[in-house]
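As the structure is a prediction and not an experimental result, all values here were calculated from the model. Below, each value reflects all heavy atoms present in this structure, side chains not excepted, and no hydrogens, waters or symmetry copies.
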Number of protein chains: 2
Amino acid sequence: MKTKVVLVDDHSLFNDGLSLILKESGYYEIIAQIYDSRNAYSQCNVLLPELILVDYNMPFLDGLALVKQLRTLVHQSKIVVISMYADKREIEAFKEYEIDGYLSKTTPSTKIIEALQKIMSGEKVFQIKQEPKSNFDKDFFSLKKLLTKREVEILKSLKKGYTSEQVAQELCLSYYTVETHRKNINQKLKFNSKKDFYEFLDTIELEK
Amino acid sequence: MKTKVVLVDDHSLFNDGLSLILKESGYYEIIAQIYDSRNAYSQCNVLLPELILVDYNMPFLDGLALVKQLRTLVHQSKIVVISMYADKREIEAFKEYEIDGYLSKTTPSTKIIEALQKIMSGEKVFQIKQEPKSNFDKDFFSLKKLLTKREVEILKSLKKGYTSEQVAQELCLSYYTVETHRKNINQKLKFNSKKDFYEFLDTIELEK
DNA sequence: GCAAAAATACCTGTATTCAGGTATATTAAT
DNA sequence: ATTAATATACCTGAATACAGGTATTTTTGC
């Protein structure tokens, strides 16, 4: 049921953290965490993982050299490289070894999970640089410059799943006022669809 | 700028993993990871964290006893207990010490972050048992059992931000047909608000 | 103090969604 | 072969959201 994963990363904190993140997602079973890449090939030969996550920067045997080895495995696993610097040249170097994905360590865990799901379903995911954010920086601090205090309050209330009507009730405002605020928010943030708006609403953190 | 956090958990894997998760969120700065709860009180007295995350099950000095100590700190920090078993009786025991939240270790990292954001803005969050998943398991495989092939196609199209009208065009269907499918989807998945639906749409993976 | 920004409220018309139906042809299951 | 499920399509009315206005009061910055 769950995808059997082997993690190869000398940096134990990240190895452990990633392990936890993958386990938490509910889709992955970590069958091994390997801290010394020199053991990876033999271990994978025995464990037959469906997915191997390999760090790029490792001592003794780096990601590139390891992938070269792993591709000679009889049992074909998906191989994903995780790197500190999502460099274009780095990716180029991997091209000939037919890896299934290339992810950056700066990617939020949710996006890592998303990417891995895509990869497990056959897609290839290459993240060059940090993905350009949607429209503007989605963090609260840049948002504060754009929106007024009241507009943020409206968003907070909408975040609870309220309709404009319900927001009006909660904040003791007229329905028309709430609608006006929403109109202004939409103008400022220029959403292309309802989905875009609600997606934004879901993602954004609006706390102090 | 970032919330200063101290983690208290003897289980280093979880401590490290949680640390990573908090850091990744961008809102938290981990100023200490404490593995022996007996050091927590003195450390917090020096470090003055805004948020203290405490594990429930710890050797020597367990979560309850530690919280009792921490509440005597001059500098008042938010205190959140994280437990393996989100037991109702456990929470009861904490009630008199006025903790700000009680979270389960089974909670996905994104939900932990969400909960902590709420807590930092003054709310209290008590998660008893693992929260009943949003109606059903949000993964594709359990979804397939609930929805028909066509319904999934409709969702895929909606995921692009299309309106029912546009979905109809893309799939060469009548607008009415698309609306019917959406109606059936909504019935099956029982969303409580538009926000819930679009949030689901954003989260779900619909690939093969 | 004055001008700008923000917050409030209202109106209109349209677009979109949602919930309640009905109905038929095709497909899958037993 | 005959149910049951699926996909299709249409209708209506209500609820919600969106886009275009206008307008008044309050707050804030200089």
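- A distance of 8.0 Å separates CD1 in B/Ile112 from CD1 in B/Ile21, rounded to the nearest 0.5 Å.
- Atom C1' of nucleotide D/dA7 and atom CG of B/Leu173 are separated by 9 Å, given to the nearest angstrom.
- Residue whose closest nucleotide on DNA chain D sits further toward the 5' end, between B/Tyr175 and B/Lys149: B/Lys149.
- Among residue pairs with one or both ends in residues 163-183 of chain B, those qualifying as salt bridge (Lys or Arg N to Asp or Glu O under 4.0 Å) are B/Lys160-B/Glu170; sequence neighbours excluded.
- Counting to the nearest Å, the P atom of D/dC18 and the NE2 atom of A/His181 are 15 Å from each other.
- Looking only at distances, a side-chain donor or acceptor of A/Thr72 sits under 3.5 Å from a matching main-chain atom of A/Gln69.
- Rounding to whole angstrom units, CZ of residue A/Arg182 and P of D/dG20 are separated by 16 Å.
- A nucleotide of DNA chain C counts as in contact with chain B when one of its atoms lies under 4.0 Å from a heavy atom; the first and last such, 5' to 3', are C/dT17 to C/dG21.
- Residues satisfying the side-chain hydrogen bond (donor to acceptor under 3.5 Å, both in side chains) test with A/Glu151, not counting sequence neighbours, are A/Thr148, A/Lys188.
- Note that the CG atom of B/Leu173 and the OG atom of B/Ser164 stand 11.0 Å from one another [nearest 0.5 Å].
- Comparing the helix axis at one end of the helix from C/dG1-D/dC30 to C/dT30-D/dA1 with that at the other, each defined from 5 consecutive pairs, gives an inter-axis angle of 60° (nearest 10°).
- Partners of B/Lys195 by side-chain hydrogen bond (donor to acceptor under 3.5 Å, both in side chains), not counting sequence neighbours, listed by chain and number: B/Glu199.
- With sequence neighbours excluded, the residues satisfying side-chain hydrogen bond (donor to acceptor under 3.5 Å, both in side chains) with A/Asp100 are A/Arg71.
- Taking B/Ser25 as the reference, B/Tyr27, B/Tyr28, B/Ile113 meet the side-chain contact (heavy atoms from CB on, under 4.5 Å) condition, with sequence neighbours excluded.
- Rounded to whole angstrom, the span from the CG atom of A/Asn192 across to the P atom of D/dA19 amounts to 11 Å.
- Not counting sequence neighbours, the partners of B/Phe197 by the ring pair (Phe, Tyr, Trp, His ring centres under 6.0 Å) test are B/Phe191.
- B/Lys4 pairs by the salt bridge (charged side-chain N to carboxylate O under 4.0 Å, His left out) definition with B/Glu29, not counting sequence neighbours.
- Within the 4.0 Å cut-off from OP1 or OP2 of D/dA9, at least one side-chain nitrogen or oxygen of B/Thr177 is found.
- Using a 4.0 Å heavy-atom distance criterion, B/Asn184 is classed as making no nucleic acid contact.
- A donor-acceptor pair is defined here as one N or O able to donate and one able to accept, closer than 3.5 Å; such a pair exists between the side chain of A/Ser121 and the backbone of A/Lys118.
- A salt bridge is defined here as a Lys NZ or Arg NE, NH1 or NH2 lying under 4.0 Å from an Asp or Glu carboxylate O, and A/Glu153 with A/Arg150 meets this definition.
- Within residues 161-170 of chain A, the residues approached by DNA chain D to less than 4.0 Å at the level of any non-hydrogen atom are A/Thr163, A/Ser164, in residue-number order.
- Atom CD of A/Gln187 is separated from atom C1' of D/dA19 by 8 Å (rounded to the nearest Å).
- A search for salt bridge (charged side-chain N to carboxylate O under 4.0 Å, His left out) contacts involving B/Lys78 returns nothing, not counting sequence neighbours.
- Following rounding to the nearest Å, B/Ile185 (CD1) and D/dA7 (P) show an atom-to-atom distance of 10 Å.
- For the pair A/Lys183 and A/Lys188, both in contact range of DNA chain C, the more 5′-proximal nearest nucleotide belongs to A/Lys188.
- Looking only at distances, a side-chain donor or acceptor of A/Thr180 sits under 3.5 Å from a matching main-chain atom of A/Tyr176.
- Rounded to whole angstrom, the span from the CG atom of B/Leu171 across to the P atom of D/dA9 amounts to 11 Å.
- Comparing B/Leu158 and A/Ile154 against DNA chain C, the residue whose closest nucleotide sits nearer the 5' end is A/Ile154.
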At a cut-off of 3.5 Å, list every protein nitrogen or oxygen paired with a nitrogen or oxygen from nucleotides 23-26 of chain D, distance to 0.1 Å.
none

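- Between B/Glu179 atom CD and D/dT12 atom C1' the separation is 13 Å, expressed in whole Å.
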